[in-house]
Amino acid sequence: MNIAKIIVDVPANQIDRTFDYLIPEDWHDEDFIQPGMRVIVPFGPRKVQGFVVGLSNETEIKKLKSVESVLDLTPVLTQELLELGEWLRDTTLCFLITAYQAMLPAAMKVKYEKEVHLKNAQTICDELKNLFVNDVIQWKEIENNKLIFPLIQKELKKGNMEVVYRIEDRAKKKKVKVISTKKTKDELLQLLDSFPNQALKQKEIIQFFIDGPEQIELQQLINILDTTISPINSLIKKGILQEHYEEVYRDPYEKREFKQSEPLPLTEEQTKAMMPIIESIRKGRHDVFLMYGVTGSGKTEIYLQAIAEVLKQGKEAIMLVPEISLTPMMVARFKSRFGADVAVLHSGLSQGEKYDEWRKIQRKEVKVVVGARSAIFAPFENLGIIIIDEEHETSYKQEENPRYHARDVAIKRGKYHQCPVVLGSATPSLESFARAQKGVYRLLTLKKRINASVLPAVEIVDMREELRCGNRSMFSKILFEKLKDRLEKGEQSVLFLNRRGFSTFVMCRDCGFVLRCPHCDISLTYHKHDDMLKCHYCSFETRLLTTCPECRSEHIRFFGTGTQKVEEELAKLLPEARVIRMDVDTTSRKGAHEKLLSAFEEKKADILLGTQMIAKGLDFPDVTFVGVLAADSMLHIPDFRASEKTFQLITQVSGRAGRHELPGEVVIQTYTPDHYSIVLAAKTDYDTYYRKEMAIRKLYHYPPFYFLTLITISHPELMKVVDAAEKVSAILRGRLSNQAIILGPVASPIPRLKNRYRYQCMIKYKDEPNLGRTLRSILHHFQQEMSRNDLQISIDMNPFMMI
DNA sequence: CACCTGTTGGTG
DNA sequence: ACCAACAGGTGT
């Protein structure tokens, strides 16, 4: 085997196939190069990263180039993952290289640097020479410089300089300096006597090595002896100490202690739900379970015990949790049960920390992974179970290429490993529940909360009625009463509002002009603390205007309520209440999320006010009241899942109340108190909701009755978009069966985003075996315009975001 | 004919 | 994607 088949890191249509490379002779006999390894190969005039996907002895290519170097000593992708990548390519229409990159931590994607190196320095004038640092200059620094660039080009042509494509592997292992002694303890003792007395610190250090360990981490030594590096360096210079580097893992949880926890006793209902899973694990069967259990019914304990069973069989487990509920609480629960067997992967970690957690998995040093979406690609080779908690969460769908759904990947991997997949939720997605009803998934039901707590009492408040009664504030009378009541009792409340910022739009009272993002066709949100208007879809922000740009009027008013305004309002009405606000604006800093939550847990605040991110998984014993300020804020978005999302959100938020001894109460404020998703969520009547929603989905040809594919076409010029969109739809109509429903082209719900006009086509279909090929040929057809003319066509074969 | 600009084909 | 080679137009 002297030829490697390689997928190179060039995400383009024509390159999305293997290229053959010669394996250098020195690596032949030992089978050094294996499929799944990352390599560097020459590609055209440059060098790129690639993945070895196969080996061979023959090739049709005459003039083979050789593999330049390897980045890994052992494969980073298993055979299973290599095949999984092909499946992803086919099911999500991405490039194979994109699929492979998605499976690995970002640190393993190399960085490309284009540099110019000085070769014959003496022939080059000093002016030019001075630009170079150590005979090197970055291409980026000169490519746009009209004066210098031509001069450099000339020198390149003459051969006095050369272009070098440098590749940087970001996957740097963290190393620490370790200090040890060269001498024996007796020698050290002798040295100590002969040491000058003024070298106090040096003597202390020698004493340390006489009493203590053979070696110690430099930083620790400095801490323990409360010294600096200089006496240590002196001792090294004297040949008494020596330094070397050791590789360590960045452990994000290093400073925390986890008390060992034991399995909790299960209720009868829990046991009944768990047994089929255990059986499936023992028999090595690929069953998909849908565990439908009300909030607080103890699903997590079942997960933990199922995982324990898997570990007993010597196998591994993946547990997926939505990004926002991957709280320290959740991590602690796993770490305290499984100790050092757990790796955690989530977005709060730095690139290096993620890489280290991943490496623990690869080296088989852990058996359990708890993580967000991409943890589904954990390179385990002996999987015993995959669990997806809060199965209905939309964050399991990746909204960029590869546009995969972690649930689908989980089932695919479960099939490969012949292991069970458990989907858990209090509000299952219609897709999953429908499959459970059909018997495709096995349904496990938990109807009771553990520790006998009852589901909270829910009250719906009609805000139109409030307005009629003269209450113009954002709090209904009853919600305010309850807030005050909890405050007096010293119990905690959670307030939920799915809008960040201060005001959701700003309008001129005189002419009705609404301030919009110049790039996005979206109204700007006012943020009070910095007095800025911000676009929540791109990074645009601008100072608040005091006069209307249209009519010069000064009657600019704020409309719509965001979390910042609620916070301000609370400070006015309940000045004694301590409020923690949690939204993207207060949690963007690293660790802020965690800090705010633990402050609330330690009862340093009375009210937790927040968006989306406080809806899931939080479990605080003293929270007895939950207020949903605007239940319909989600209901009116242009998305067929709007009502499903509303139902789920209300149910989830309500579930935060009264989870322990104290009973909980929930108030839901809405302008549409009769909407079934709100009424039924208040009653926690999933079954009725399911039936009602299914009827609507059937009527309007939506999932789970039909499959969807959404094609979004965008371009800076409107005409180009319309033109391309019409062509796309024509191709679809020409190629698909007449059972497929093709909608559009129409302008997208957000018709302009980041300076690009957007049109879309939607396809609803039941069975369309030619769809994949048709879509590929569309991409093929437009590939020139896409690479040259700024046209973008994105195809989502199972969209969750309709904008 | 030098120089700029946009297009086209190929990458093993 | 990125590059090199090519084609065609402009200007001195």
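Just so we're on the same page: letters track the sequence lines, and every chain starts at 1.
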| Donor-acceptor pair between A/Arg735 and A/Ser777 side chains, under 3.5 angstrom | yes
| said: Any base atoms under 4.0 Å from A/Tyr165, or only sugar-phosphate, or nothing? Heavy atoms, all strands. | reply: sugar-phosphate
| request: Tell which nucleotide pairs with B/dG12, taking only Watson-Crick or G-U wobble pairs whose two distances are both under 3.5 angstrom. | output: none
| Under 3.5 Å side-chain donor-acceptor pair for A/His519 and A/Asn755 | yes
| Quick one: A/Asp9 CG to B/dT11 P, roughly how many Å, whole number? | 19 Å
| task | Rounded to the nearest angstrom, tell me the gap between atom CG in A/Asn13 and atom P in B/dG9. | result | 15 Å
| said: Without decimals, in angstroms, what is the distance between A/Gln14 CD and B/dG12 P? | reply: 14 Å
| Contact class for A/Ile15 (heavy atom, under 4.0 Å): base, sugar-phosphate, or nothing? | base
| task | Rounded off to whole Å, could you give me the CG-to-P distance for the A/Leu156 and C/dA4 pair? | result | 10 Å
| message | Does the plane of the ring in A/Phe640 sit parallel, tilted or perpendicular to the ring in A/Tyr702? Use 30° and 60° as the thresholds. | response | parallel
| message | If I take atom CZ in residue A/Arg46 and atom C1' in nucleotide B/dG12, what distance separates them, rounded to the nearest angstrom? | response | 14 Å
| Between atom CD1 in A/Ile6 and atom P in B/dG12, what is the gap in whole Å? | 12 Å
| Between C/dC3 and A/Lys114, is there an OP1 or OP2 to side-chain N/O distance shorter than 4.0 Å? | yes
| query | Got a donor-acceptor contact below 3.5 angstrom from the A/Asn2 side chain to the A/Glu25 backbone? | reply | no
| task | Describe the nucleic acid contact of A/Thr18 in one word from base, sugar-phosphate, nothing, applying a heavy-atom distance below 4.0 Å. | result | base
| task | For C/dC2, take OP1 and OP2 only and decide whether either is under 4.0 Å from a side-chain N or O of A/Tyr112. | result | no
| To the nearest angstrom, how far is A/Arg17 atom CZ from C/dA1 atom P? | 16 Å
| said: Is A/Lys63 close enough to B/dT11 that one of its side-chain N or O atoms is under 4.0 Å from OP1 or OP2 there? | reply: yes
| said: Tell me the interatomic distance from A/Gln49, atom CD, to C/dA1, atom P, rounded to whole angstroms. | reply: 17 Å
| said: Looking at A/Asp583, is its backbone amide N or carbonyl O close enough to the side chain of A/Arg500 to form a donor-acceptor pair, meaning the two atoms are under 3.5 Å apart? | reply: no
| What nucleotide, of C/dA4, B/dG12, C/dC2, holds the atom closest to the side chain of A/Leu64? | B/dG12
| message | Need one value for A/Tyr21: base, sugar-phosphate or nothing, where a base atom within 4.0 Å counts as base even if backbone is also close, heavy atoms only. | response | sugar-phosphate
